[in-house]
Amino acid sequence: MIEDAAEIVCGACGAVVDRLMDSRPNRAFTPEQSQARARTGPPTSVRFHDGGMGTMITAPRGDLSGEKQRELFNLRKWQQRVRVSDATERNLAIALSELSKLAGALSLPPNILDTASVIYRRAIKKRMIRGRSIANIVGASLYLSCRQCGVPRSLDEIAALAMTTKKELGRSFRFMVRALDIVVPPSRNANYAAQFSNRLAISGKAEGIAIRILKKAQQMKLTSGRGPAGIAAASTYIATVLTNERKTQREIAETANVTEVTIRNRYRELLERLTLVVPL
DNA sequence: AAGACGAAAGTGGTTGA
DNA sequence: TCAACAACTTTCGTCTT
């Protein structure tokens, strides 16, 4: 674990594990406490290029001596230079705000956003942005973050909102994995199954069965090399059949963003290799 | 008539010489 | 740079409910 400002970051994968600083406002019950506990501004965060420190030195007003005024003027000038005039800083500021827009649009929780922010910072530090567009690096950071945290989001979904293509996003993603040598866990397809079950409004029982099927499939090495969505969709389909909550292949195919044929192929493989002991 | 099934050809991307 | 390759899609005809 490495402590990075206000977040605890996993050194191996870059995931933001926890925050050191409390994000709740300090409570104060008496005037004395309010003096002692006062804190100006929100806690710091990797999400902002300056750590969330909004400090600005304002323009000097007229009631100061000439000397003081000049001094303040210089301070202000330097702070602005340090703050955003540096090209890298400006890039970071723009990118991080893009990142949080994206994460919002995909309704991803804050820890995903934080992890992605950390990844993005590492990318910048390694000067990896040459040629590549901000949209791609931002998207790839977010995708990486999702993978690490086991949140099922596809390249397609992110590419659509990040104003880029699946192809380019995928390329940036692979590039970043290599350059930052991040360990990316394989997609947890159980999470996909859970997501599909939610979207299809399927019972918890069926969802459980789907996940059990997936586990079995994984043990039997039926999952390697296959798209996680397809297998999860097939398992979900089997589960709905077993529990008499049958959904059409078309319905499942649509929510899973794969075709019926792919579902059928996975489904067939699963039936062939899995002796389904059906505990109803 | 709608859904399930599967064969065959096509697509876009990776890999390795 | 090119060909082989794997995963997946598209399309379409046939069977099942």
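What's counted below: heavy atoms across the whole structure, side chains too, no hydrogens, waters or symmetry copies. In what follows, every chain begins at residue 1, and chains take the letters A, B, ... in the order their sequences are listed.
- Looking only at side-chain heavy atoms (C-beta outward), A:Phe196 and A:Ile202 stay at 4.5 Å or farther from each other.
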For nucleotides 15-17 of chain C, list the nitrogen or oxygen atoms of the protein found under 3.5 Å from its nitrogen or oxygen atoms, one pair per line.
none

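- Listed by chain and residue number, A:Asn265 satisfy the side-chain hydrogen bond (donor to acceptor under 3.5 Å, both in side chains) test with A:Arg268 (two or more places apart in sequence, or in another chain).
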Worksheet item: How is the base pairing of DNA chain C summarised as a dot-bracket string, given the Watson-Crick and G-U wobble criteria with both distances under 3.5 Å, [ ] for crossing and | for another strand?
Response: |||||.|||||||||||
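- Counting only residues at least two apart or in different chains, salt bridge (Lys or Arg N to Asp or Glu O under 4.0 Å) contacts with residues 165-174 of chain A comprise A:Asp156-A:Lys166.
- Pairs engaging residues 95-109 of chain A under the salt bridge (Lys or Arg N to Asp or Glu O under 4.0 Å) rule: A:Glu98-A:Lys101 [sequence neighbours left out].
- Atom CG of residue A:Leu142 and atom CD1 of residue A:Ile158 lie 5.0 Å apart, to the nearest 0.5 angstrom.
- Taking atom CG of A:Asn265 as the reference point, atom C1' of C:dT10 lies 13 Å away to the nearest angstrom.
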Worksheet, complete the sentence: Protein-proximity profile, nucleotides 1-6 of chain B, B/S/- by nucleotide at the 4.0 Å heavy-atom cutoff, equals ---SBB
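- For residues 149-174 of chain A, the set of pairs meeting the ring-ring contact (aromatic ring centres under 6.0 Å, His included) definition, not counting sequence neighbours, comprises A:Tyr143-A:Phe173.
- By the side-chain hydrogen bond (donor to acceptor under 3.5 Å, both in side chains) test, A:Tyr237 is found to be paired with A:Arg246, residues two or more places apart in sequence or in another chain being considered.
- To the nearest angstrom, P of B:dG12 lies 18 Å from CG of A:Leu169.
- With sequence neighbours excluded, the residues that form a salt bridge (Lys or Arg N to Asp or Glu O under 4.0 Å) with A:Glu254 are A:Arg250.
- Summarising the geometry, atom CD1 belonging to A:Ile231 is positioned 12.0 Å from atom CD1 belonging to A:Ile213; distances are rounded to the nearest 0.5 Å.
- Applying the side-chain hydrogen bond (donor to acceptor under 3.5 Å, both in side chains) test to A:Thr164 and every residue at least two apart in sequence or in another chain returns A:Asn136.
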For nucleotides 13-17 of chain B, which of its nitrogen or oxygen atoms have a protein nitrogen or oxygen under 3.5 Å away, and what is each distance?
unit_1, atom_1, unit_2, atom_2, d
B:dT14, OP1, A:Arg174, NE, 3.4
B:dT14, OP1, A:Arg174, NH1, 3.1
B:dT14, OP1, A:Arg174, NH2, 2.0

Worksheet item: How far apart are the C-alpha atoms of A:Gln148 and A:Thr115, what are their side-chain angles, what is the distance that settles it, and do they pass the side-chain hydrogen bond (donor to acceptor under 3.5 Å, both in side chains) test?
Response: CA-CA 9 Å; A:Gln148 284 175 343; A:Thr115 301; 5.8 Å; no
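- Once rounded to the nearest 0.5 Å, the distance linking CG of A:Leu99 with OG of A:Ser117 reads 4.5 Å.
- Here A:Thr165 pairs with nothing under the side-chain hydrogen bond (donor to acceptor under 3.5 Å, both in side chains) rule; sequence neighbours left out.
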